**Student:** 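Dropping the structure in here first, questions after.
All of these numbers come straight from a predicted model, not from anything done at the bench. Note that the numbering runs from 1 along the sequence shown for the chain.
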Amino acid sequence: MSRSGVTRSAWSAFPGTRGRRSPRTGERFPAHPAKINAAFAEGGPALSVRTVEAMTHVRVDHYLQIDFRQFMNSVNAVDGVDVCTSRRLSDSATKLDLRPGRHRLGGGQALQYVRSRHVDASADLGRIQRQNRFLINVVHRLAGRVHRRAHRRVQPGHRRRRRDVKWDKAGAKKTFATLNKDRTPTPRNSTVKPSDPPRIGVEAAVRGNTLACS
């Protein structure tokens with residue numbers, strides 16, 4: 001399994017919305033540029049999926065839509081998820097405050113962890129890295145136990161018939177072409193470790209075990 005993310009403020013091109021009209025003007029929405037996180041508000045899940053597909057050239061067969069309450073309930077359903085940090089993580093906006101070490105996070109604290117972006121200067125990039133860490137540890141948590149309640153709550157939501165950030169078309173083409181062929185972007189013997197906090201302009205695909213609690 002490979003996990004890749006799209007920064008919420010990535011500048012993207014929205015495809016024209018098929019038949020959908022503006023509730024204010026009655027006009028159809030044409031194709032136009034905007035931040036990726038505006039796609040859901042403008043055209044719902046369908047436009048979000050189509051925009052991601054247009055940006056990555058990867059077919060999206062399923063998506064999961066989850067709100068804050070469902071997220072917290074899912075974390076609590078597996079009795080919490082472990083995260084590890086080598087440094088103190090503090091965010092005045094979300095009230096996150098974790099000292100170095102290993103922590104078992106319940107639903108509320110887990111939501112603070114994955115939403116915090118004022119921990120340091122890495123902002124959204126740091127948040128993405130923490131979200132990656134969290135997801136890897138969720139997989140480890142679920143792999144170590146069978147929990148039917150959690151399985152029922154985390155179902156795909158739909159079957160199809162993520163400051164402005166410039167979208168790196170060349171880099172995206174290389175990364176997503178690999179994923180589109182069902183191949184991992186990192187070799188099995190890779191020893192590359194993520195920078196913590198991540199450095200702006202320095203990107204590297206890493207193996208999931210470099211993000212997991214050891």
Side-chain angles (χ1 to χ4, degrees), residues 1-68 70-71 74 114-115 117 123-136 138-139 142 151 153-187 190 194 198 200-208 211:
M1 181 178 71
S2 297
R3 194 273 183 193
S4 183
V6 178
T7 307
R8 72 185 181 110
S9 351
W11 200 247
S12 56
F14 291 2
T17 51
R18 301 169 184 163
R20 184 174 180 273
R21 298 176 182 273
S22 167
R24 184 171 59 85
T25 66
E27 297 179 352
R28 290 183 176 176
F29 288 111
H32 60 283
K35 293 182 183 180
I36 182 65
N37 64 343
F40 189 90
E42 183 174 311
L47 182 58
S48 297
V49 168
R50 290 178 60 215
T51 303
V52 170
E53 287 183 333
M55 293 171 72
T56 64
H57 303 289
V58 174
R59 177 179 172 82
V60 178
D61 293 308
H62 298 82
Y63 71 85
L64 177 67
Q65 181 178 332
I66 187 169
D67 62 21
F68 292 164
Q70 290 170 327
F71 174 88
S74 298
V114 299
R115 295 199 68 224
R117 63 187 184 94
D124 279 343
L125 297 180
R127 176 162 67 177
I128 289 173
Q129 185 182 90
R130 284 185 292 278
Q131 290 172 347
N132 284 338
R133 290 184 186 278
F134 186 82
L135 287 173
I136 289 295
V138 166
V139 171
L142 294 177
H151 180 70
R153 293 183 185 205
V154 188
Q155 288 292 330
H158 179 73
R159 182 170 177 82
R160 267 209 67 198
R161 291 248 276 175
R162 338 30 332 158
R163 289 179 301 258
D164 292 354
V165 179
K166 185 178 180 181
W167 185 245
D168 182 357
K169 291 185 178 180
K173 182 177 180 180
K174 180 179 179 180
T175 297
F176 290 107
T178 301
L179 296 177
N180 220 2
K181 295 175 182 177
D182 230 5
R183 292 163 43 197
T184 61
T186 54
S190 172
I200 297 175
V202 179
E203 300 177 2
V206 299
R207 301 287 294 179
L211 296 169

**Student:** Which residues pass the side chain to side chain contact (heavy atoms under 4.5 Å, CB included) test with Phe68, not counting sequence neighbours?
**Tutor:**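 Per chain and number, Phe68 pairs via side chain to side chain contact (heavy atoms under 4.5 Å, CB included) with Leu111, Arg115.
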**Student:** With sequence neighbours excluded, what pairs up with Val138 under the side chain to side chain contact (heavy atoms under 4.5 Å, CB included) test?
**Tutor:**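 Scan of Val138 (side chain to side chain contact (heavy atoms under 4.5 Å, CB included), adjacent residues dropped) gives Val81, Phe134, Leu142.
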**Student:** Is there a donor-acceptor pair closer than 3.5 Å between any side-chain N or O of Glu53 and the backbone N or O of Val60?
**Tutor:**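 Between the backbone of Val60 and the side chain of Glu53 there is a qualifying donor-acceptor contact (under 3.5 Å).
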**Student:** Which value, rounded to the nearest 0.5 Å, describes the distance between Arg133 atom CZ and Ile128 atom CD1?
**Tutor:**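 The CZ atom of Arg133 sits 13.5 Å away from the CD1 atom of Ile128.
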**Student:** Treating Thr56 as the side-chain partner and Val58 as the backbone partner, does any N or O pair qualify as donor plus acceptor under 3.5 Å?
**Tutor:**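 Present.
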**Student:** List for me each residue that meets salt bridge (Lys or Arg N to Asp or Glu O under 4.0 Å) alongside Arg130, sequence neighbours excluded, and say none if there are none.
**Tutor:**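 So Arg130 forms no salt bridge (Lys or Arg N to Asp or Glu O under 4.0 Å) with any residue.
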**Student:** What is the minimum heavy-atom distance between Ser12 and Lys35, and which atoms define it?
**Tutor:**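 For Ser12 and Lys35, the tightest heavy-atom pair comes out as OG-C, 3.9 Å.
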**Student:** Can you name the side-chain hydrogen bond (donor to acceptor under 3.5 Å, both in side chains) partners of Arg127, sequence neighbours left out?
**Tutor:**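 With sequence neighbours excluded, Arg127 shows a side-chain hydrogen bond (donor to acceptor under 3.5 Å, both in side chains) to Asp124, given in chain and number order.
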**Student:** Between Glu42 (side chain only) and Ala39 (backbone N and O only), is there a donor and an acceptor less than 3.5 Å apart?
**Tutor:**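 No, because the side chain of Glu42 does not come within donor-acceptor range (under 3.5 Å) of the backbone of Ala39.
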**Student:** So, Thr51 side chain and Phe14 main chain: donor-acceptor pair closer than 3.5 Å or not?
**Tutor:**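 Not at all, since once roles are kept as given, no pair shorter than 3.5 Å links the two residues.
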**Student:** Within the structure provided, determine whether Leu135 and Val139 are in side-chain contact (heavy-atom separation under 4.5 Å).
**Tutor:**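 No, side chains not in contact.
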**Student:** Minimum heavy-atom separation for Tyr63 and Pro45, please, with both atom names.
**Tutor:**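 Shortest heavy-atom contact: OH-CB, 3.2 Å.
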**Student:** How far apart are the C-alpha atoms of Ser190 and Val206, what are their side-chain angles, what is the distance that settles it, and do they pass the side-chain contact (heavy atoms from CB on, under 4.5 Å) test?
**Tutor:** CA-CA 7 Å; Ser190 172; Val206 299; over 6 Å; no
**Student:** How would you list, by chain and number, every residue that makes a side chain to side chain contact (heavy atoms under 4.5 Å, CB included) with Pro198, sequence neighbours excluded?
**Tutor:**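 Counting only residues at least two positions away or on another chain, Pro198 forms a side chain to side chain contact (heavy atoms under 4.5 Å, CB included) with Ser122, Leu125, Gln129.
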**Student:** With Ala54, which residues qualify under side chain to side chain contact (heavy atoms under 4.5 Å, CB included), at least two apart?
**Tutor:**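 Side chain to side chain contact (heavy atoms under 4.5 Å, CB included) check on Ala54 returns Pro15.
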**Student:** Can you name the closest pair of heavy atoms from Met55 and Ile36 and give their distance?
**Tutor:**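 Here Met55 and Ile36 meet closest at SD-CD1, 3.9 Å.
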